[in-house]
Number of protein chains: 2
Amino acid sequence: MSENPLNDMGRAAREASHVLAELNTAERNALLERIAAELPAAEEAILAANAEDLAEAEASGLAPAMLDRLLLNEARLKALAADVRQVAGLHDPLGEVVDGHDCPSGLSLIRKRFPLGVVAAIYEARPNVTVDTAVLCLKTANAVILRGGKETRRSNAALVAALHLALAAEGLPRACVQAVLDPDRELVTALLHLDEHVDMLIPRGGPGLHRLCREQSRIPVITGGIGVCHIFVDAAVDTPKALAVIANAKTQRPSVCNAVETVLVHNRIAAAFLPALAAHLAPLGVTLHASENAAPYLSGALCPVVPLDPAWLDKEHLTLDLNVHVVADPDEAVAHIRAHGTGHSDAVLTEDMRTAELFIRRVDSAAVYVNASTRFTDGGQFGLGAEVAVSTQKLHARGPMALEALTTYKWIGRGAYTIRD
Amino acid sequence: MSENPLNDMGRAAREASHVLAELNTAERNALLERIAAELPAAEEAILAANAEDLAEAEASGLAPAMLDRLLLNEARLKALAADVRQVAGLHDPLGEVVDGHDCPSGLSLIRKRFPLGVVAAIYEARPNVTVDTAVLCLKTANAVILRGGKETRRSNAALVAALHLALAAEGLPRACVQAVLDPDRELVTALLHLDEHVDMLIPRGGPGLHRLCREQSRIPVITGGIGVCHIFVDAAVDTPKALAVIANAKTQRPSVCNAVETVLVHNRIAAAFLPALAAHLAPLGVTLHASENAAPYLSGALCPVVPLDPAWLDKEHLTLDLNVHVVADPDEAVAHIRAHGTGHSDAVLTEDMRTAELFIRRVDSAAVYVNASTRFTDGGQFGLGAEVAVSTQKLHARGPMALEALTTYKWIGRGAYTIRD
C-alpha cells in the first residue's frame with residue numbers, strides 16, 4: 001500500500017490539535033478576534049485573488065448565479081469578519097459536564113465535553129465557507145483540513161493566508177488550519193482515506209459529493225444538506241394561513257435545502273385548495289408541477305402549470321418550481337414522504353391534533369413541523385448561534401449542527417485506587 | 001451496478017421498523033418478556049443446534065477457549081433469559097425530550113428521542129450476542145439485521161427462530177429480527193453497502209473486522225472494542241495500592257478489551273516499583289514484557305520476564321502478559337499513549353492533582369481514569385444497565401454504548417402557521 005500523500009498534513013493537524021486543546025475559552029476567543037481583524041487587513045490580497053478566480057470562472061462560462069456565489073467584495077468581507085466576532089461571542093461547549101454520578105464501586109464518573117481533534121471539510125463554491133468552517137473548528141479547539149472547490153482556490157489560498165497570520169500572531173501553529181489547494185481529484189480520495197488522523201468529515205455540496213463521501217470515506221462522515229422537503233395540507237386546515245406558509249416555504253429563498261419542493265394535498269379539499277394555491281403563488285412567479293391526480297383541479301389555474309415528471313419527486317428544484325400531488329389521507333402522505341423525502345424538513349398543516357401527532361411520530365426527518373414553514377431548519381433560526389452543516393443522517397448530530405456537534409465527550413472516572421470486584 | 005442481494009431484507013427491515021415505532025413502552029417490554037419465555041421453551045432445539053456447531057468447531061481444531069465461548073447449555077440459556085428480563089426492566093429512552101425552547105419567530109421547538117430505525121450488527125463467536133443485540137434493538141424499537149460468525153450459524157438460526165416465535169405471538173413481523181446465516185463472505189460486503197435501508201452498523205470483533213467496516217461500510221459505523229489500555233504510574237504514588245490496581249486491571253479478566261496491556265512507570269520510582277510489581281504479579285501468573293529501559297530493573301524479578309517486542313505495544317495481549325516501560329515524566333507517558341493507545345481506557349495512578357488533570361486533558365480516550373482500574377469501562381459498571389458495544393470513535397457514542405446510543409432525535413417545531421421573515 002502506498003503512502004497517503006496527505007499523511008504529513010494529517011500528522012501536522014493532529015499535533016496542532018494537541019496545542020489547541022491546551023487553550024482556554026478566552027485564548028480561543030482572542031484568536032477569533034484576531035482573525036476578524038486580519039480579514040479586512042488582508043482585503044487587497046483577498047479581493048485580487050478572488051478577481052482572478054472570477055475571471056477564470058467567467059471565461060469558463062459559469063452561470064451568473066454561481067458567479068455571484070464566488071464573489072467577494074468589501075461588504076462581504078466585512079460581513080464575514082462580523083460573523084467571526086459573533087462566533088467569538090458564543091457560549092463555549094468545551095468543558096461542559098454532560099452528566100455524571102457516583103458508582104457503587106466507589107468510582108466517581110462524569111462525561112465531559114472535549115474537542116473532536118481534527119475535522120476535515122470538503123465543499124464547493126462559496127469562499128466564505130473556508131473562513132466559517134475554520135472559525136467554528138478553532139472555537140471548539142479542533143484543527144481543520146479544508147478542501148474547497150477548484151474554482152475558488154486562489155480566494156481560499158488568500159483567506160487561509162490571513163488565517164495563518166492570525167495564528168502566528170497568537171503563537172499558534174499554521175497547521176491548525178490547512179487547505180488542500182491542489183485541484184488534483186486524487187487528493188479528495190486521499191483525504192477520505194486519512195482516517196488515522198481525521199476524526200470527522202463534513203461534506204457540503206450536492207448529492208454527488210455526499211454519495212462519494214458515503215462510499216469512499218474511512219472517516220466518520222456527516223452527510224446532509226439535501227432537502228426534498230414536503231408540506232402536507234390536511235383536510236382540516238385554515239386555508240388562507242396554509243397558503244401563506246407554503247408561499248414562505250417555496251419563495252422566501254427557493255435555492256436553499258429547506259425550501260419546500262412538494263406539496264401534498266388531502267383529497268377532501270383538493271378541488272378548492274389547489275386553485276387557491278395557484279392563485280396565491282401566481283404573483284410570486286411559481287410554476288406548479290401537477291401530478292396526474294392534481295392536474296384536473298388546475299385546468300384554469302392562474303399560475304403556470306406543467307405535468308409533473310415523476311423524477312422530480314426525488315430531486316431538489318431549488319427554483320420557483322413546486323410539485324403538487326393529491327393524497328387520500330395522512331397515511332398516504334406519510335408513505336409518500338417515506339418514499340421520496342431526504343429526511344431533511346417536512347411539515348404538516350392541520351387543525352387536527354391526531355393528524356399532527358401521527359405526522360410527528362411517523363415522518364422520520366431531522367426536522368418535523370406542525371403548522372410552520374420548512375424554512376426554519378437553520379442554526380440561526382433554531383437559536384443555536386452557528387451552523388456547521390445540516391445533517392440528514394441520524395448519528396451524532398441531526399438537523400442544524402452547531403458548536404456542540406464539533407465536540408465529543410470523555411468518560412472521566414476518579415477513584416481511590418479503586419478496583420473492580 | 002447489480003442489485004444488492006440483501007435489498008429485500010433491508011426493505012423488510014425498514015417496514016418492520018415502522019411497525020415497531022408504533023409500539024409503546026409497555027408493548028415493547030411485553031415483547032421482551034415473551035422472548036425471555038420463548039428461550040427456555042426452545043431449549044431443546046437451541047442446544048441441539050449448538051451441539052452441532054460445537055462438534056464442527058471441535059473437528060476443525062478450534063482452541064478450547066474459543067469452544068467455551070461457543071457453548072450454550074441450560075444454565076447459560078437461563079442466564080440469557082434473565083438478561084432479557086433485566087433489559088425489559090430498564091428505563092425507556094424513547095420519547096425523552098432532550099431539550100427545547102420557544103424561538104423569537106414564534107416557533108416552539110423540542111428535540112425528542114426516536115428509534116434509529118434499522119441497526120445491523122456483525123459479530124463473531126458467542127451466540128448470546130445474537131439475543132443480546134436483538135433485544136437491545138427491540139427495546140428501542142429498532143429492527144435489526146444480524147450477521148454472526150459461521151461457526152455459530154446453527155445456534156444463531158435456532159435462537160432467531162425462538163425470537164420469531166415471540167414476535168409472532170405479539171403479532172409483530174418476523175423482519176423485526178433478521179439474520180444473514182449464509183456464510184458467503186460476499187454477503188458481508190453486501191450488508192456494508194445496504195446504506196439505503198440501514199441506519200447504523202455495529203461491528204463486534206477483532207481489528208480486522210473493524211478495519212473492514214471502516215473501509216467498506218457505506219453505513220455509519222461505530223468502531224471500537226479494541227483496547228490497548230495503559231496505566232501510568234506517576235512518581236507520587238501509593239505503591240501498595242498501585243500494585244493492587246495493576247493486578248486488577250491485568251488479571252481480573254485478561255481476555256477482555258479493558259484489561260491493561262502496558263504499564264508506564266515514572267523514571268524516578270522505576271528502580272523500586274518494577275521489582276515490587278514483579279513480586280506482586282508473580283503469584284498471579286503474569287509474564288512481564290520489559291522494554292530496554294525497564295529490563296535493567298527486573299534482572300532478579302520474581303515473575304517471568306521477557307524482552308518486549310515493540311510490535312506488542314500496538315496490539316492486545318488478552319493474556320496474562322504485560323508490557324512495562326519507563327518514562328521520564330507525565331508528558332512522555334501521554335506521548336506514548338498517543339502513539340500506541342487505541343482510545344479505549346487509560347489510567348493514571350498519582351497523588352498529584354496537576355498530573356491527574358494533565359492526564360485527563362491530554363489523553364484522548366473514551367475512558368480516562370485517575371486512581372482506578374481500566375476494568376471499569378463497561379455498561380454495567382457505569383450504571384448504564386446494558387451495553388451494545390464499547391465505542392472508541394468520537395462521534396455519536398463514545399465508550400460503553402447503552403440504550404441511548406440506539407436512538408436518534410428529531411427536531412419538532414410547532415407553530416401557528418408560522419413563517420420565516
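This structure is a prediction, so every number in the text was calculated from the model and none was measured. The figures here come from the full heavy-atom set of this structure, side chains too, leaving out hydrogens, waters and symmetry mates. Here is how names work: the chains are called A, B, and so on, in the same order as the sequence lines, proteins then strands, and each is numbered from 1.
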Participant: How many angstroms lie between atom NE2 of His193(A) and atom CZ of Arg214(B), to the nearest 0.5 angstrom?
Facilitator: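 His193(A) atom NE2 to Arg214(B) atom CZ measures 12.0 Å (nearest 0.5 Å).
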Participant: Which bit of Thr374(B) comes within less than 4.5 Å of chain A, counting heavy atoms only: side chain, backbone, both or neither?
Facilitator: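 Looking at Thr374(B), nothing touches chain A.
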Participant: Can you tell me which portion of Ala367(A) sits under 4.5 Å from chain B's heavy atoms? Options are side chain, backbone, both or neither.
Facilitator: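 Backbone plus side chain of Ala367(A), per the 4.5 Å heavy-atom cut-off to chain B.
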Participant: Taking side chain as everything from C-beta outward and backbone as N, CA, C, O, which of these in Val363(A) sits under 4.5 Å from a heavy atom of chain B? Side chain, backbone, both or neither.
Facilitator: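 Looking at Val363(A), just its backbone touches chain B.
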Participant: Taking atom CD of Glu215(B) and atom CD of Gln216(A), what is their separation to the nearest 0.5 Å?
Facilitator: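 It comes to 11.0 Å.
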Participant: Tyr409(A) side chain to Arg398(B) main-chain N or O, any donor-acceptor pair under 3.5 Å?
Facilitator: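 Flag set: sc Tyr409(A) to bb Arg398(B) pair under 3.5 Å.
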Participant: CD of Glu22(A): more than 12 outside heavy atoms within 6.0 angstrom?
Facilitator: yes
Participant: Answer with side chain, backbone, both or neither: which region of Asn248(A) has an atom nearer than 4.5 Å to a non-hydrogen atom of chain B?
Facilitator: side chain
Participant: Determine the option with the most heavy-atom pairs under 4.5 angstrom with chain A, choosing from Leu349(B), Asp195(B), Val348(B).
Facilitator: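 Sorted descending by pairs with chain A, the first entry is Asp195(B).
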Participant: Which residue, Val221(A), Leu395(A), Ile222(A), Thr408(A), forms the side chain to side chain contact (heavy atoms under 4.5 Å, CB included) with Leu395(B)?
Facilitator: Ile222(A)
Participant: Within the distance-only criterion (no hydrogens, no angle test), does the side chain of Tyr417(B) pair as donor or acceptor with the backbone N or O of Val245(A) below 3.5 angstrom?
Facilitator: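 Flag not set: sc Tyr417(B) to bb Val245(A) has no pair under 3.5 Å.
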Participant: Can you confirm whether Pro400(B) sits close enough to Trp411(A) that some side-chain heavy atom of one is under 4.5 Å from a side-chain heavy atom of the other?
Facilitator: yes
Participant: So, for Thr418(A) and Phe376(B), which heavy atoms are closest and what is the spacing to 0.1 Å?
Facilitator: O-CE1, 3.4 Å
Participant: Select one option (side chain, backbone, both, neither) describing which atoms of Thr350(A) are under 4.5 Å from chain B's heavy atoms.
Facilitator: backbone
Participant: Is it the backbone or the side chain of Ala397(A) that comes under 4.5 Å from a heavy atom of chain B, or both, or neither?
Facilitator: both
Participant: Does Lys410(B) use its side chain to pair, donor to acceptor, with the backbone of Val368(A) at less than 3.5 Å?
Facilitator: no
Participant: Which atoms of Ser345(A) are under 4.5 Å from chain B, going by heavy atoms: the side chain, the backbone, both sets, or neither?
Facilitator: neither
Participant: Between Arg362(B) and chain A, which part of the residue has a heavy atom less than 4.5 Å away: side chain, backbone, both or neither?
Facilitator: both
Participant: Where on Leu109(A) is there a heavy atom nearer than 4.5 Å to chain B: the side chain, the backbone, both, or neither?
Facilitator: side chain
Participant: Which bit of Arg211(A) is near chain B, if near means a heavy-atom gap under 4.5 Å: side chain, backbone, both or neither?
Facilitator: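 Neither part.
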Participant: Nearest 0.5 Å, what's the CG-OG distance between Leu107(B) and Ser373(A)?
Facilitator: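 It comes to 9.5 Å.
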Participant: Could you tell me which portion of Ser217(B) (side chain, backbone, both or neither) has an atom closer than 4.5 angstrom to a non-hydrogen atom of chain A?
Facilitator: backbone
Participant: Is Thr377(A) close to chain B through its backbone or its side chain, or both, or neither, when contacts mean heavy atoms under 4.5 Å?
Facilitator: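 Thr377(A) has no heavy atom closer than 4.5 Å to chain B.
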Participant: Looking at Thr223(A), Asp378(A), Leu192(A), Ile219(A), which has the largest count of heavy-atom pairs under 4.5 Å with chain B?
Facilitator: Asp378(A)
Participant: Where is the tightest heavy-atom contact between Gln381(A) and Ser105(B), given as atom of each residue plus distance?
Facilitator: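 Looks like OE1-CB, 4.3 Å.
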Participant: Write down the atom of Ala244(B), the atom of Ile419(A), and the distance for their closest heavy-atom approach.
Facilitator: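 Heavy atoms of Ala244(B) and Ile419(A) come nearest at O-CG2, 3.8 Å.
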Participant: Is the backbone of Leu116(B) close enough, under 3.5 Å, to the side chain of Lys394(A) for a donor and an acceptor to pair up by distance?
Facilitator: yes
Participant: Which bit of Asn258(B) comes within less than 4.5 Å of chain A, counting heavy atoms only: side chain, backbone, both or neither?
Facilitator: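 The answer is the side chain of Asn258(B).
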Participant: Count the heavy-atom pairs under 4.5 Å between each of Pro220(B), Cys103(B), Pro115(B) and chain A, then report the option with the highest count.
Facilitator: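 Top count of heavy-atom pairs under 4.5 Å with chain A: Pro220(B).
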Participant: Of the non-hydrogen atoms in Arg375(A) and Arg420(B), which two are nearest, and what is the gap between them?
Facilitator: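 Looking at all heavy atoms of both residues, the closest pair is O-NH1, 2.8 Å.
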Participant: For Asp102(A), is it the side chain, the backbone, both or neither that has a heavy atom under 4.5 Å from a heavy atom of chain B?
Facilitator: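 Neither part; nothing is under 4.5 Å.
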Participant: Within the distance-only criterion (no hydrogens, no angle test), does the side chain of Tyr369(A) pair as donor or acceptor with the backbone N or O of Ile412(B) below 3.5 angstrom?
Facilitator: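 Side chain of Tyr369(A) to backbone of Ile412(B): no pair is present.
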Participant: Who among Arg253(A), Arg111(A), Arg414(A), Arg338(A) has the most heavy-atom pairs with chain B under 4.5 Å?
Facilitator: Arg338(A)
Participant: Under a 3.5 Å distance rule, please check whether His101(B) uses its side chain to pair with a backbone N or O of Gly383(A) as donor and acceptor.
Facilitator: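 Not at all, since once roles are kept as given, no pair shorter than 3.5 Å links the two residues.
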Participant: Distance-only, no hydrogens or angles: does the Gln252(B) side chain make a donor-acceptor pair with backbone N or O of Asp421(A) under 3.5 Å?
Facilitator: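 At least one qualifying donor-acceptor pair exists.
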Participant: Could you tell me which portion of Arg14(A) (side chain, backbone, both or neither) has an atom closer than 4.5 angstrom to a non-hydrogen atom of chain B?
Facilitator: side chain
Participant: To the nearest 0.5 Å, what is the distance between CE (Met200(B)) and CD (Gln393(A))?
Facilitator: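 Spacing of CE (Met200(B)) from CD (Gln393(A)) equals 11.5 Å.
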Participant: So which heavy atom on Ala21(B) is nearest to which on Arg361(A), and how close?
Facilitator: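 Taking Ala21(B) first and Arg361(A) second, the nearest heavy atoms are O-CD, 4.3 Å.
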Participant: Please determine if Lys112(A) and Glu357(B) form a salt bridge, counting it only when a charged side-chain N lies under 4.0 Å from a carboxylate O.
Facilitator: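 Result for this pair is no, no salt bridge flagged.
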